[in-house]
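Each remark here refers to the structure printed beneath this line.
Because only heavy atoms are used, hydrogens play no part in the values below, and waters and symmetry mates are left out as well, while side chains stay in.
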Amino acid sequence: MELTGEIGQGNVTKLVEFILLGFSDVPELQRFLFGVFLIIYMIILIGNSLIITITKVDISLQTPMYFFLGNFSTLEICYVSVTVPRLLADLCRQKREISFLACATQMYFFLVLGATECFILTAMAYDRYVAICNPLLYPLIMTTQLCIQLAAGCWISAVPVHIGFTYLIFTLPFCGPNQLDHFFCDILPVLKLACGNTFTIEMLIYVVAVLVVTVPFMLILGSYVKIISTILKLPSATGRAKAFSTCSSHLMVVALFFGSGIITYMRPKSSHSVGMDKFFSLFYTIVTPVFNPMIYCLRNKDVMMALKKCLSKWIVS
């Protein structure tokens with residue numbers, strides 16, 4: 001839908017909605033993709049809900065590490081729910097219009113929750129750093145109060161930045177075409193439809209990406225350099241294996257999430273293509289979240305034991 005008006009002596013067509021093309025270029029795969037994405041979405045919801053429940057119910061998991069894991073699982077449910085339900089709905093219908101307000105809202109929550117995930121993963125890395133590098137001081141440093149403050153900071157800090165960021169993007173002039181060649185309102189596909197000068201916004205994207213992606217990633221990397229060096233100094237092989245097992249799950253999730261995010265948003269504009277952008281977006285919006293509960297459950301003995309305990313109680317009752 002377009003609104004046409006006059007500014008000065010020329011006609012200007014102003015868009016009031018976008019059309020999400022999504023995967024409309026492969027109509028024969030619409031039902032198959034719907035089934036695949038629905039199954040993945042259900043796995044993410046069930047898997048993360050189980051982790052949240054276990055970390056709340058099991059007394060042995062009432063530690064800072066699992067407190068942050070519970071926050072992370074809650075975040076994952078929110079994160080995928082910003083994009084996947086809309087994607088599933090679009091795969092079932094011909095009309096795929098999305099209003100400016102709905103598009104801006106989706107982008108805002110996607111960016112805020114994505115940044116929050118970066119911060120939560122950083123907090124989790126700090127927790128592992130203190131636990132392994134300063135084990136005697138761990139109970140004194142990682143108090144309940146500090147954990148709550150860190151979690152609150154992670155959830156809140158991205159909110160004001162992305163309010164302004166989203167506002168700047170959607171105050172740009174959009175004068176056609178209105179076809180958004182993506183399955184959700186991501187920054188780069190939306191900017192392609194702007195008819196004004198987007199150089200300032202593009203530079204701002206890199207600045208924000210450095211602050212919310214690169215800086216946390218470097219902090220996590222620095223933490224793991226110290227962690228690995230400390231683990232290698234442990235006298236027993238059993239101690240080294242146990243210490244590394246508590247970090248390996250987190251390290252895998254960090255590599256998956258930050259790797260795909262950095263490739264998507266930090267690579268040069270000239271190397272962008274619609275197909276690759278959709279692929280990387282699918283990877284960090286859907287594929288990575290479905291692996292997270294599997295990684296944290298299957299590779300974590302404490303979580304597996306707590307899960308078996310809960311299931312046995314449920315079956316008996």
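At a threshold of 4.5 Å between side-chain heavy atoms, the hydrophobic network of Ile, Leu, Val, Met, Phe, Trp and Tyr places Ile228 and Met124 in two separate groups. Under the 4.5 Å side-chain heavy-atom criterion for Ile, Leu, Val, Met, Phe, Trp and Tyr, Leu137 and Ile231 are members of the same hydrophobic cluster. Under the 4.5 Å side-chain heavy-atom criterion for Ile, Leu, Val, Met, Phe, Trp and Tyr, Tyr129 and Leu232 are members of distinct hydrophobic clusters. Two different hydrophobic clusters hold Val161 and Leu75 under the rule that ILVMFWY side chains link at heavy-atom gaps under 4.5 Å. Follow the hydrophobic side-chain contacts under 4.5 Å out from Met294 and you reach Leu45 in the same cluster.
Put simply, the side chain of Tyr138 reaches to within 4.5 Å of the side chain of Asp127, judged on heavy atoms. Looking at Leu146 and Thr143, their side chains come closer than 4.5 Å, going by heavy atoms from C-beta outward. Here the side chains of Cys195 and Phe174 are not in contact, with every heavy-atom distance at 4.5 Å or above. At a threshold of 4.5 Å between non-hydrogen side-chain atoms, the residues Tyr41 and Ile286 do not count as touching. Side-chain contact check for Ile40 versus Val287: every heavy-atom pair is 4.5 Å or farther apart. Within the 4.5 Å cutoff, the side chain of Ile132 has heavy atoms near those of the Cys247 side chain. Phe244 is not listed as a side-chain neighbour of Ile227, based on a closest heavy-atom distance of 4.5 Å or more. Using a 4.5 Å heavy-atom threshold, the side chains of Pro293 and Leu50 count as separate.
Under the 3.5 Å distance criterion, the side-chain polar atoms of Thr166 are left unmatched by any main-chain donor or acceptor of Ile163. Using modelled atom types, no side-chain atom of Gln30 and backbone atom of Cys92 make a donor-acceptor pair closer than 3.5 Å. Here the side chain of Arg96 pairs a donor or acceptor atom with the backbone of Leu21 at under 3.5 angstrom. Side chain of Thr171 to backbone of Leu168: a donor-acceptor contact under 3.5 angstrom is found. Checked by atom type and distance alone, the side chain of His182 never pairs as donor or acceptor with a backbone atom of Leu20 at under 3.5 Å.
Residues meeting the salt bridge (charged side-chain N to carboxylate O under 4.0 Å, His left out) test with Asp90, sequence neighbours left out: Arg86, Arg93.
The distance from atom NZ of Lys56 to atom CG of Leu61, rounded to the nearest 0.5 Å, is 12.0 Å. For the atom pair CZ of Arg128 and OG of Ser223, the computed distance is 11.5 Å after rounding to the nearest 0.5 Å. Taken from CZ in Phe37 to CG in Leu88, the straight-line distance is 8.5 Å, to the nearest 0.5 Å. Taking CG of Leu111 as the reference point, atom CD1 of Ile205 lies at 9.0 Å (rounded to 0.5 Å). Atom-to-atom distance recorded for Leu211:CG and Tyr206:OH is 15.0 Å, nearest 0.5 angstrom. Separation of atoms CG (Leu113) and OG1 (Thr74) is listed at 11.5 Å; rounding is to 0.5 Å.
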With side-chain contact (heavy atoms from CB on, under 4.5 Å) as the criterion, how do Glu117 and Asn292 come out once you've worked through the C-alpha distance, each side chain's angles and the decisive distance to 0.1 Å?
CA-CA 12 Å; Glu117 187 154 342; Asn292 292 345; 4.3 Å; yes

Glu202 and Leu191: side-chain contact (heavy atoms from CB on, under 4.5 Å), yes or no, with the steps?
CA-CA 9 Å; Glu202 287 170 12; Leu191 278 182; 4.2 Å; yes

Is there a side-chain contact (heavy atoms from CB on, under 4.5 Å) between Asn197 and Leu172 once you walk through the steps?
CA-CA 8 Å; Asn197 186 0; Leu172 289 170; over 6 Å; no

Take Trp155 and Ile120 through the side-chain contact (heavy atoms from CB on, under 4.5 Å) test and state the conclusion after the steps.
CA-CA 8 Å; Trp155 282 94; Ile120 288 282; 4.2 Å; yes

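Ring-plane geometry between His162 and Phe165 is classed as perpendicular, the angle between the planes exceeding 60 degrees on a 0 to 90 degree scale with a lower cut at 30.
Side-chain contact of Glu76 with Asn48: a donor-acceptor pair under 3.5 Å is absent, judged by distance alone. Under 3.5 Å, the side chains of Thr116 and Tyr79 contain no donor-acceptor pair of N or O atoms. Side chain to side chain, Asp58 and Tyr66 fail the donor-acceptor criterion of an N or O pair below 3.5 Å.
The two atoms that bring Ala123 and Phe68 nearest to each other are CB-CE2, 4.0 Å, heavy atoms only. Across all non-hydrogen atoms, the minimal contact from Pro216 to Val210 is CD-O, 4.4 Å. Between His250 and Ile220, the closest heavy-atom pair is CE1-CG2, 4.5 Å. Ser157 and Pro160 make their closest contact through O-CD, 3.6 Å (heavy atoms, listed as atom of the first residue, atom of the second, distance). When all heavy atoms of Leu193 and Pro177 are compared, the pair lying nearest together is CD2-O, 3.7 Å. A pairwise comparison of heavy atoms in Pro189 and Asp186 identifies CD-O, 3.4 Å as the closest pair.
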N/O donor-acceptor pairs under 3.5 Å from side chains in residues 99-110, not counting sequence neighbours:
from	atom 1	to	atom 2	distance (Å)
Ser99	OG	Ala102	N	3.1
Thr105	OG1	Leu101	O	2.7
Gln106	OE1	Cys185	N	2.8
Gln106	NE2	Val82	O	3.1

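Remark: Lys278 is not positioned above the aromatic ring of Phe283, lacking an NZ or CZ atom under 6.0 angstrom from the ring centre and at most 45 degrees off the axis.
A salt bridge is defined here as a Lys NZ or Arg NE, NH1 or NH2 lying under 4.0 Å from an Asp or Glu carboxylate O, and Lys192 with Asp181 fails to meet this definition.
Aromatic ring centres of Tyr284 and Phe257 lie farther apart than the 6.0 Å criterion allows.
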